[in-house]
J.: 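Before we start, here is the structure in question, set down as structure tokens.
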Amino acid sequence: MEPLFSISNLVKTFSPGGETEVRALSGVSLEIREGEFLLISGANGSGKTILMLILAGLMDPDEGELLFRGRPLNTVMGDLRRHLGLIFQDADAQMVGETVAEDIAFGPKNLGLSKAEVEERVQNALAALGLEHKRDRPPRNLSGGEKRRLAVAGILAMGCQTIIMDEPFANLDWPGVVQVLEIIRQLKQEGKTVILLTHELEKVLAFADRLVILDRGIIREDGKPAEVLDRLKDAYGVRDPRKSYGTVADCTWL
Ligand SMILES: Nc1ncnc2c1ncn2[C@@H]1O[C@H](COP(=O)(O)OP(=O)(O)OP(=O)(O)O)[C@@H](O)[C@H]1O
Ligand SMILES: [Mg+2]
């Protein structure tokens, strides 16, 4: 079957030639298959968010080819917008409604669904993320973790076929992590594609089909999670979460 996304040799450089030049992506090639749960990990600054923005058509690469179901991404932006749900690393960047419920309703309304259908989806999403009691509050007043829950609720209500989540666990407490994991499990069961970018590997590793390690804009590893972890190098800045903490004294990163 045709890959969902097929990207080859993506290059993205900021301030090229200048003193502050950053090569955020340095020839990234990747095929993402429909129904896959792909985990992309890497240290801060390794290029995860830039890769997501390019995949979503929100940023142009300097070089490289991007295909969505075999067609150039820039020719199918309408399809892509309907198909793709995004959870941004910065939860504030994606709030649009005056109230939590309106915010969740925004996407489904844009899909042209009936009022009753929109309301049902909003209700289900509020319940799934434990936000019912915040329904009529302004999103800007939510806590960091509640904002993250709201972003996930919005994507859930849209019923997108593919979801890209950039650090979805940031700010979430343990119940919040469990709720998001439960949603990911359901999405997987429904055959949806989930692309998750995170350095908090321990939270999702067990669910993932595939693990890609990005390091300074280069894909260093791509394969089954256990095999990738076996080959992990310290230089990538990603810790193997299987190395469990035995005692309180072990609970240190240094
Ligand atoms: N607008 C920009 N201008 C200049 N440099 C940028 C810009 N956006 C990103 N960068 C640089 O590109 C590199 C990749 O950034 P990116 O945000 O993709 O990292 P990341 O892997 O998502 O990191 P994190 O784990 O901190 O979220 C970094 O070195 C970053 O400083
Ligand atoms: Mg990032």
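Small disclaimer: the values here were computed from a predicted structure and weren't measured.
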J.: Should Asp215 and Ser46 count as side-chain neighbours, where that means a heavy-atom distance under 4.5 Å?
T.: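 No. Closest side-chain heavy atoms not under 4.5 Å.
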
J.: Report the distance from atom CG of Leu229 to atom NZ of Lys243, rounding to the nearest 0.5 Å.
T.: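 Separation between the atoms: 9.0 Å.
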
J.: Measure the CD-CD distance between Glu190 and Gln161 for me, rounded to the nearest 0.5 Å.
T.: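 Rounded to the nearest 0.5 Å, the CD-CD separation comes out at 8.5 Å.
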
J.: Measure across Asp209 and Gly35 and return the closest heavy-atom pair with its distance rounded to 0.1 Å.
T.: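 Here Asp209 and Gly35 meet closest at OD2-O, 4.1 Å.
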
J.: One thing to verify: whether Lys147 and Asp90 come together as a salt bridge, which I'm taking to mean a side-chain N less than 4.0 angstrom from a carboxylate O.
T.: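 Answer for the salt bridge query: no.
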
J.: Only one of Leu67, Leu73, Leu30 passes side-chain contact (heavy atoms from CB on, under 4.5 Å) with Phe5; say which it is.
T.: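 Running side-chain contact (heavy atoms from CB on, under 4.5 Å) over Leu67, Leu73, Leu30 with Phe5 returns exactly one hit, Leu73.
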
J.: Please check if atom CG in Asn141 has more than 12 non-hydrogen atoms from other residues, nucleotides or ligands closer than 6.0 Å.
T.: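 For Asn141, atom CG is crowded (more than 12 foreign heavy atoms under 6.0 Å).
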
J.: Which value, rounded to the nearest 0.5 Å, describes the distance between Leu84 atom CG and Leu58 atom CG?
T.: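 Here the rounded value is 8.5 Å.
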
J.: Could you tell me which non-hydrogen atom of Ala151 sits nearest to which non-hydrogen atom of Ile87, and how far apart they are?
T.: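 Taking every non-hydrogen atom into account, O-CD1, 3.4 Å.
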
J.: Before you tell me yes or no, could you show the steps for Asp222 and Arg210 under side chain to side chain contact (heavy atoms under 4.5 Å, CB included), namely the whole-Å CA-CA distance, both residues' side-chain angles and the distance that decides it to 0.1 Å?
T.: CA-CA 7 Å; Asp222 179 353; Arg210 181 179 169 197; 2.8 Å; yes

J.: With a 4.5 Å heavy-atom cut-off, do Gln123 and Arg135 have their side chains touching?
T.: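 With C-beta onward as the side chain, the pair touches.
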
J.: Using side-chain heavy atoms (C-beta onward) and a distance below 4.5 Å, is Leu187 in contact with Phe37?
T.: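 When only atoms from C-beta onward are counted, Phe37 and Leu187 do not touch, as no gap falls below 4.5 Å.
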
J.: Should Val178 and Leu201 be counted in the same cluster of Ile, Leu, Val, Met, Phe, Trp and Tyr side chains packed under 4.5 Å apart?
T.: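 Val178 and Leu201: one cluster.
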
J.: Do the non-hydrogen side-chain atoms of Thr49 and Leu197 ever get within less than 4.5 Å of each other?
T.: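 With C-beta onward as the side chain, the pair stays apart.
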
J.: Could you state the interatomic distance from NZ (Lys233) to CD1 (Ile213), rounded to the nearest 0.5 Å?
T.: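 Output value for this atom pair is 11.5 Å.
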
J.: Report whether Met52 and Ile184 are members of the same hydrophobic cluster (ILVMFWY, side-chain heavy atoms less than 4.5 Å apart, transitive linking).
T.: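 As far as the 4.5 Å side-chain criterion goes, Ile184 and Met52 are not connected within one cluster.
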
J.: Give a yes or no on whether a salt bridge exists between Arg149 and Glu146, defined as a side-chain N under 4.0 angstrom from a carboxylate O.
T.: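 No, no charged N to carboxylate O under 4.0 Å.
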
J.: Under 30°, 30 to 60°, or over 60°: which ring-plane class applies to His83 and Phe68, parallel, tilted or perpendicular?
T.: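 The arrangement is perpendicular - the two ring planes meet at more than 60°.
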
J.: Got Leu205 and Leu211 here, is their nearest side-chain heavy-atom distance under 4.5 Å?
T.: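 Contact flag for Leu205/Leu211 side chains = yes.
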
J.: How close do Arg148 and Phe88 get, counting heavy atoms only, and between which atoms?
T.: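 In this case the closest contact between Arg148 and Phe88 is NH1-O, 3.0 Å.
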
J.: Rounded to the nearest 0.5 Å, what separates atom CG in Leu129 from atom CG in Asn124?
T.: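 If I round to the nearest 0.5 Å, the distance is 11.5 Å.
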
J.: With the 4.5 Å side-chain cut-off for hydrophobic clustering, are Leu80 and Ile155 part of the same group?
T.: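 Cluster IDs for Leu80 and Ile155 differ.
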
J.: Under a 3.5 Å threshold, yes or no: a donor from one side chain and an acceptor from the other, between Glu21 and Ser15?
T.: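 No, no side-chain donor-acceptor contact under 3.5 Å.
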
J.: Going through the checks in order, is the salt bridge (Lys or Arg N to Asp or Glu O under 4.0 Å) test met by Lys48 and Asp166?
T.: CA-CA 8 Å; Lys48 303 182 295 295; Asp166 193 1; over 6 Å; no

J.: Per the side-chain contact (heavy atoms from CB on, under 4.5 Å) rule, which among Ile32, Ile40, Val228 passes with Val212?
T.: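 Single side-chain contact (heavy atoms from CB on, under 4.5 Å) partner of Val212 among Ile32, Ile40, Val228: Ile40.
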
J.: Kindly give the heavy-atom pair with the smallest separation between Leu25 and Gly47, and that separation in Å.
T.: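 Minimum heavy-atom separation between Leu25 and Gly47: CD2-O, 3.7 Å.
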
J.: Does the distance from a Lys or Arg side-chain N to an Asp or Glu carboxylate O, for Asp230 and Lys224, drop under 4.0 Å?
T.: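 A salt bridge is absent here (no side-chain N lies under 4.0 Å from a carboxylate O).
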
J.: To check you understand the geometry: which heavy-atom pair defines the closest contact between Ser41 and Thr198, and what is its length?
T.: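 For Ser41 versus Thr198, the nearest heavy atoms are OG-O, 2.7 Å.
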
J.: Tell me, please, which residues at least two apart from Arg82 pass salt bridge (Lys or Arg N to Asp or Glu O under 4.0 Å).
T.: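 With neighbours one apart ignored, the set is Asp79.
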
J.: Please report the closest heavy-atom contact between Ile54 and Lys12, naming both atoms and the distance.
T.: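 For Ile54 versus Lys12, the nearest heavy atoms are CD1-CB, 4.2 Å.
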
J.: Salt bridge between Arg121 and Glu117, side-chain N to carboxylate O under 4.0 Å?
T.: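 Here Arg121 pairs with Glu117 in a salt bridge, since their nearest N and O are under 4.0 Å apart.
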
J.: Check whether any side-chain heavy atom of Leu66 sits under 4.5 Å from a side-chain heavy atom of Leu55, and report yes or no.
T.: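 Result yes, sub-4.5 Å side-chain heavy-atom pair found.
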
J.: Determine whether Phe207 and Val194 make a side-chain contact, defined as any pair of heavy atoms from C-beta on separated by less than 4.5 Å.
T.: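 In short, these two side chains do not touch, never coming nearer than 4.5 Å.
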
J.: Which residue is it: Met95, Gln94, Glu98? I am looking for the one with a side-chain contact (heavy atoms from CB on, under 4.5 Å) to Asp103.
T.: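 Of the listed residues Met95, Gln94, Glu98, the side-chain contact (heavy atoms from CB on, under 4.5 Å) partner of Asp103 is Met95.
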
J.: Under 4.5 Å between side-chain heavy atoms, counting indirect links through other Ile/Leu/Val/Met/Phe/Trp/Tyr residues: same cluster for Leu51 and Leu38 or not?
T.: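 Yes, because Leu51 and Leu38 connect within a single hydrophobic cluster, where side-chain heavy atoms sit under 4.5 Å apart.
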
J.: Between the side chains of Arg69 and Glu34, is the shortest nitrogen-to-carboxylate-oxygen separation below 4.0 Å, so that they form an ion pair?
T.: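 Yes, this pair counts.
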
J.: If I take atom OG from residue Ser8 and atom CD from residue Glu31, how far apart are they, to the nearest 0.5 angstrom?
T.: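 Ser8 OG to Glu31 CD: 9.0 Å, rounded to 0.5 Å.
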
J.: Are Val100 and Val96 linked, directly or through intermediate hydrophobic residues, by side-chain heavy-atom contacts shorter than 4.5 Å (ILVMFWY only)?
T.: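 No; tracing contacts between hydrophobic side chains, which count when under 4.5 Å, never links both residues.
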
J.: Kindly indicate whether the side chain of Gln179, heavy atoms from C-beta on, has any atom under 4.5 Å from the side chain of Glu182.
T.: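 Not in contact.
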
J.: So for atom CZ, which belongs to Arg71, do other residues, nucleotides or ligands contribute more than 12 heavy atoms lying within a distance under 6.0 Å?
T.: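 Check fails, neighbour count at 12 or below.
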
